[in-house]
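Every chain is numbered from 1 and lettered A, B, ... according to where its sequence line falls, protein lines coming before strand lines. Basis for what follows: all heavy atoms, side chains included, without hydrogens, waters or symmetry-related copies.
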Amino acid sequence: MVETIVRGGTTGDRPGSNYDPAAVEARWLARWAEDRLYHVDDATDRPNWFALTMYPYPSGILHMGHWYAFSIPDAFARYKRMRGYNVMFPMGFDAFGLPAENAAIRNNIHPAIWTEDNIATMRIQFQAMGTMIDWDRQVASCDPEFYRWNQWFFLRMLERGLAYRSNGAVWWCPNDQTVLANEQVLDGNVCERCGSEVIRRDLEQWYLRITDYAEELLREAEHLDWPDRVKTMQRNWIGRSEGARLRFALAGGQAGDEPLEVFTTHPETVWGATFMVLAPEHPAVVTLTSAERRTEIDAYVERAKNETEIERASLDESRPKTGVFTGGHAVNPVTGELIPVWIADYVLMGYGTGAIMAVPAHDARDFAFARAHGLPVRPVIQPDGADPLDGGSMPGPYLGPGTMVNSGPIDGLRMPDQMAAVLDWVECNGRGHREVTYRLRDWLISRQRYWGTPIPVIYCQDCGIVPVPDADLPVILPLDAEFTPTGQSPLVSNEAFVSVPCPACGGPGRRETDTMDTFVDSSWYWYRYTSPHLDIAPFDAALVAAWTPVNLYCGGIEHAILHLLYARFWTKVMRDLRLIDHGEPFLRLRNQGMILSAEGTKMSKSRGSQVGPDELVSAHGADALRLHLMYLGPWDQGGPWNDRGITGMERFIRRAYQVVEDGAKVTPTADADRGGEAAIRRLTHQTIAKVTADMEAYQVNTMVAALIEFANALFAGRRGEVAATAAWREAVETLVLLMAPSTPFVAEEMWSMLGNTDSVHTRDWPEANQDFLRVTEVEIVVQVNGKVRDRVVAEPGADEAAAVTLAMASDRVRTAVAGKAPKRVVYVPGKLVNLVV
RNA sequence: GCGGACGUGGCGGAAUGGCAGACGCAGCGGUCUUAAACACCGCAGAGGCGACUCGUGCGGGUUCGAAUCCCGCCGUCCGUACCA
């Protein structure tokens, strides 16, 4: 695409030899601070644009992953600013959490001090990266002026029944000595924070009722401009299943016994239900178990309790289906048959009702269980055109479509097409009702750790759970705590914190000592950027209305479920509290890929495989590093780190710098045709179009390629005749403007070299002018039978006949055609002609 | 097992139905230099002296034309997992 302009001479000097990255960066950092260039006003005559990037944990130092995650969104934000928006690109710190405690224990330094020091360091590093962050808006979640609003939200949820305390089996990390949310348990049994194996414990804990929003979270995700894989992951995590709840009465005539309820997605197969299976923890197990089975059942329940979770982590489908008969029976609600009730660990208490009707003929797990324990198999769905299925001899379950058999009134119905008729029958005959079940569990937010938001409730012997009155917020996290993990919150031993009068009756009360999951902080932090120091509400409603929902949210794919699901839930709760008017926080989401070590493994502090940006910045400059990260490959793909290419980025910057330096010396003459002007103008506007399109699509690698091509062409022609024209001047200015989002420091320097006294970052983005894109001739590819044989030059509007004539004038084409008449001609105007002979 | 993404030179990658390998790195040749580094100018998928032939994981298909669409396989990565 690059046309040869005019070849200039060479000097032998290194291009851009006057460019000193360190000096340029220092100069403009000082100047920008002085001019408050990145201060964001809430109301301007421009539309607001909220560019958000997931706030980092203040781990102490910015590594390459941070540069990848922040410098590229910074370029997007700068681009939007040049496109005429009033852009807010704020930053904060996810400052509560375990690493601070662990560092505190290791280094004998208080988490608050450690965190504060790290934030100070990282702020400076962020500035060195050349970001347009407005630091006046910084928030830190460990700041009482922030976390008091966590407490305030919690109280609002408590009032609405969205926060509740419940006893049950929870995930416990023995290393971190705290409970975890379901979402924080990876691979079935691994702690998301520390990688230890987690275990099950029975504890009373605080939950947030995210399941109330399951349907809405599922439904509204469809319309978001988010990567499909994130939406898919959320959909699977929420895990919606449609089916029916059926009631199975207990046999034995105990009148007071509640029937067993099951959830099934296949109610049509109830005629084939030949036994039932309960989860070992199911409350009915005790009453169902007959005296002679008791010992065996108790042993199984005990074993399941201790082993299941660990075993389940390594299980596969071939794992033997163990289980024990309770000695009790239930009544199949449609056949009236007595069917045995078993317990087995393949039935989970946490899903559905913790009990299933087993239909071995049409379910893989039930089939394996039936064969292992000699239970009857009764087919009720007959595949088309096959011999009748036989329960005794069928080699495996039949899972496909077919016609109902052995099923009384629903015999002959087609499955799955006529499922609705089955559900109608079930409901009309009082056997059960339609039901939708979700895999999503409520969000467990209690943590038995120190460095987090205190949960604002007080326990009173007489009044029970009493919320801390709003007027008493924040409940300050005391700094004088002994925070070594013991399995109990470190606050338990802090008598001054714990012992308080009951707000209701004034009697002796004890404060809740657990703290909140840090995902609470990150569920609403971005709203706080709009009014970071407001002390009468979590945020200013008018400012939030002016800035949110977020226009573009950038961050790592690892938050696809955890943070992004919680944040959506919190937003919907805030909407229902009438604090905001929208239910989805992030209109558009883009994920960066992960930067891996050179070996392709995850970079980690412990393995020492993290790469620091400092040496590269001092050797090549922050701008070169920013470009290098953009140029590594598609941003959403990430990939193994290497620093080999950064020299090329520095070369590019130096050439651009040289072009500007030379260009600044020339006074453009009035337009006169010097032979290269039309070409340089076309290239300028082609580049504008390409860079703009790539920026809109977040394709920064190809955007940089276009900048390099443009700079190379200008470099080659910089000392030729054309360099004295107005077209040239426009080209040079355009190059600087197009580079501004990506290389903010050197672009600013070059802009001032061109005699400007304002900041390039406040300038308007150039616009591609169609008039300059017009070409005088086009190259048409000539194919014979689909193989390229030649290229011919034609007029831009050449029709098929003209193209064929030109094509046939070529010797190579004539040789390939070998005198035969074309059977068919395919012509793509201005691009390609294919002669089929 | 299920769901999703991906597979292109020595390397990162570009091209999403129309010239495969843009751009960059590394490499090679030349210029400059006492020499080197830097820089600049050029070369560069493989084979062939050449006209040409072959070439985007493998096998098939659709199409005038396929890296791109479809079917089957192989491999890598990510997510998820006894979800009734």
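- Contact annotation: side chain of A:Arg791 to base of B:rC19, donor-acceptor pair present below 3.5 Å.
- At the heavy-atom level, A:Asn834 lies under 4.0 Å from base atoms of the strands shown.
- For the P atoms, the distance from B:rG3 to B:rG9 is 29 Å, rounded to whole Å.
- Base-pair partner of B:rC19: not found among the strands shown (Watson-Crick or G-U wobble, both distances under 3.5 Å).
- Aromatic ring orientation, A:His373 versus A:Phe369: tilted (interplanar angle from 30° to 60°).
- Note on A:Tyr631: every side-chain N or O is 4.0 Å or more away from OP1 and OP2 of B:rG24.
- Across all strands shown, the partner of B:rG42 is B:rC28, judged by Watson-Crick or G-U wobble contacts whose two distances both fall under 3.5 Å.
- Under the Watson-Crick or G-U wobble criterion, with both distances below 3.5 Å, B:rG3 is paired with B:rC78.
- The side chain of A:Arg789 places an N or O atom within less than 4.0 Å of a non-bridging phosphate oxygen (OP1 or OP2) of B:rU53.
- Computed from coordinates, the A:Asp636 CG to B:rC78 C1' distance equals 13 Å when rounded to whole Å.
- Remark: B:rG59 base-pairs with B:rC71; criterion is Watson-Crick or G-U wobble with both hydrogen-bond distances under 3.5 Å.
- Between the side chain of A:Lys823 and the base of B:rC64, no donor-acceptor pair of N or O atoms lies under 3.5 Å.
- Proximity of A:Arg439 to the phosphate of B:rA81: a side-chain N or O atom is located under 4.0 Å from OP1 or OP2.
- At least one side-chain nitrogen or oxygen of A:Arg365 sits closer than 4.0 Å to the OP1 or OP2 atom of B:rC83.
- Across the C1' atoms, B:rC58 and B:rA51 are found 32 Å apart, a figure rounded to whole Å.
- Counting non-hydrogen atoms under 4.0 angstrom, A:Val828 reaches a base of the nucleic acid.
- Residue A:Val836 is classed as a sugar-phosphate contact, given heavy-atom separations below 4.0 Å to backbone atoms only.
- For B:rC40, the OP1/OP2 oxygens have no side-chain nitrogen or oxygen of A:Arg14 closer than 4.0 Å.
- Side-chain N/O atoms of A:Arg229 include none lying less than 4.0 angstrom from OP1 or OP2 on B:rU80.
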